[in-house]
There are 2 protein chains.
Amino acid sequence: MGGSCLAERLAHYVALTPPEQDALVQLEEQERSFKRGAMIRREHDGARELFIVQKGWLHSSVLLGNGSRQIMRFHFPGDLVGVSSLAFGQSSDSIVAVTDVTLCPFDKDKLALLFQEHPRLAALIFTLSVAERVSLADRLASIGRTSARARVASLLCEIFARLRIMGGAGLDEFHVPLTQEEIGDATGLTAVHVNRMMRGLVDDGLIGRNGNMIKVMNEARLAEGANFTDRYAEIDIGWLPQPR
Amino acid sequence: MGGSCLAERLAHYVALTPPEQDALVQLEEQERSFKRGAMIRREHDGARELFIVQKGWLHSSVLLGNGSRQIMRFHFPGDLVGVSSLAFGQSSDSIVAVTDVTLCPFDKDKLALLFQEHPRLAALIFTLSVAERVSLADRLASIGRTSARARVASLLCEIFARLRIMGGAGLDEFHVPLTQEEIGDATGLTAVHVNRMMRGLVDDGLIGRNGNMIKVMNEARLAEGANFTDRYAEIDIGWLPQPR
DNA sequence: CGACCCCTTGATTAGCCTCAACAACCGTGG
DNA sequence: CCACGGTTGTTGAGGCTAATCAAGGGGTCG
């Protein structure tokens, strides 16, 4: 390895000082791998750990009394996962491996240290957490107030935008290792209806599909129909304090 | 008055040191009032300000291309509002006064200072922000995966739980100054259907209504049908760093 | 008093779910 | 090598939930 994934991610926004880099590398001393489908953390379990994603996709989700599942968010390499365990002794959601994954776990005490020693990093992590919340709010609006087709389109747009952060801005074809059931659980739809909506998007020439590869054919119309705005493009870090 | 509103809120969770209190008071030199219905901040407007609610109810919401509205959250006295402007130069949502309100506005630069000088307060504010995100996630699951009746019940449960934080644990009757349209915009329903669901809750003896007063008649069944868990009861601040 | 907002109720419609059947693909074991 | 069970994707038919459309009532404020 050598570098830290989180450092790589944060370096997208600020030029890290050497002490800051050291602090981030220390968060990723450990490394743990899980198989596709593995339950990494179960809802209501005690949890002192956060994870940095190194490789693979995950999702965090909740199970409801009626047996259905709501996926809150998909997590990609560079993401900080399990943040909700900061505020609660017990995990508020389950974390599941969508593909085979490699994670770097660290205890929340280490984050406390980061807040003390590196206020700029703390503020940056806070900022990214706020951006994630806005992204969740976008999904809420999507599910609450738009059609099934728009919800699916919106999820695809969000995934594309986030994959481009790490993968390069020019990408127009993506490996999306999600089942239609997972897409449904993220958008509040059934797998059957997701299938019909995806077919509609293909038939209308907005996207192309080949197995798990999805190609963006007409991103403008896709984003328009989805009511999508790319939050990650407009993150403002102007308020951050000076590095120590 | 005399003290800082934010200090009062944070003191619910930790014993503030004198320097911490001073820092918080400095955030709140100003005070501003708005009439019921006033648009305090409009989506896409530039925004460097955050607000602490002193009196009244607000909501933050987004407007969609199809003309509908999604309310993300209602804000009560003691809440920190407009945090999303930290991550973006432009506001991601609108902030609207539900009743007449009094707010304490402060610039986000002051928060940067807080991150530098008072890491424990920074971590606490981060924690509360995470808890809010979990609450948003609960709403997402509610809208994505439960019936109209459960969504309305869930919103009511959340409101009751939050009002009890400041208003006292024993309360079983609440003044809820929301129109059914606002409840619909928060739950992803139409006002007409909200009306029918509320009537159902009354008919089944779960709640009582008298104008804007809502009385909890059978909270166990209400919470059960809503799939509701009270997040605000279980916030854990054990990971915070030492005060400086 | 009238205008407006909000609540309420009824009738009809539309979007998404449910149920069902089958095809394609996968890894596994015989 | 093939047989197999399991998972995922696909498509059709019918049903149900919540939206839409519509009309009227009560309260409040100017």
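Here is how names work: the chains are called A, B, and so on, in the same order as the sequence lines, proteins then strands, and each is numbered from 1. Predicted model, so just to flag it, every value in this text is computed and none were measured.
Listed by first then second residue, pairs satisfying ring-ring contact (aromatic ring centres under 6.0 Å, His included) with a partner in residues 164-210 of chain B read Phe160(B)-Phe174(B), not counting sequence neighbours.
Ranking dT11(D), dG10(C), dA18(D) by closeness to the Val192(A) side chain, first place goes to dT11(D). Set against dT18(C), dT10(D), dA18(D), the side chain of His193(B) has dA18(D) as its closest nucleotide. Nearest to the side chain of Thr179(A), among dC7(C), dG9(D), dA18(D), sits dG9(D).
Counting to the nearest Å, the C1' atom of dG6(D) and the CZ atom of Arg36(A) are 12 Å from each other. The separation between Glu181(A) atom CD and dC17(C) atom P is 12 Å, rounded to whole Å.
Applying the 4.0 Å criterion to OP1 and OP2 of dT11(D), one finds that Arg199(A) has a side-chain N or O inside that range. Between dC16(C) and Thr190(A), no contact under 4.0 Å exists linking OP1 or OP2 to a side-chain N or O. Of the side-chain N and O atoms in Asn195(A), none sit less than 4.0 angstrom from OP1 or OP2 of dG9(D).
Summary of helix geometry: the two end axes of the helix from dC1(C)-dG30(D) to dC26(C)-dG5(D), each defined by five base pairs via their C1' atoms, are inclined to each other by 40° (rounded to 10°).
Nearest-nucleotide positions on DNA chain D for Arg145(A) and Gln180(A) put Gln180(A) closer to the 5' end.
Across all strands, Arg209(B) comes closer than 4.0 Å only to sugar-phosphate atoms, never to a base (heavy-atom distances). Using a 4.0 Å heavy-atom distance criterion, Gly188(A) is classed as a sugar-phosphate-only contact. Across all strands shown, Gly184(A) has no heavy atoms under 4.0 Å from either base or sugar-phosphate atoms.
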Practice problem: Walk me through it: do His75(B) and Ser60(B) pass the test side chain to side chain donor-acceptor pair (under 3.5 Å)? | Solution: CA-CA 8 Å; His75(B) 305 284; Ser60(B) 41; 2.8 Å; yes
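For Arg139(A), there are no side-chain hydrogen bond (donor to acceptor under 3.5 Å, both in side chains) partners, not counting sequence neighbours.
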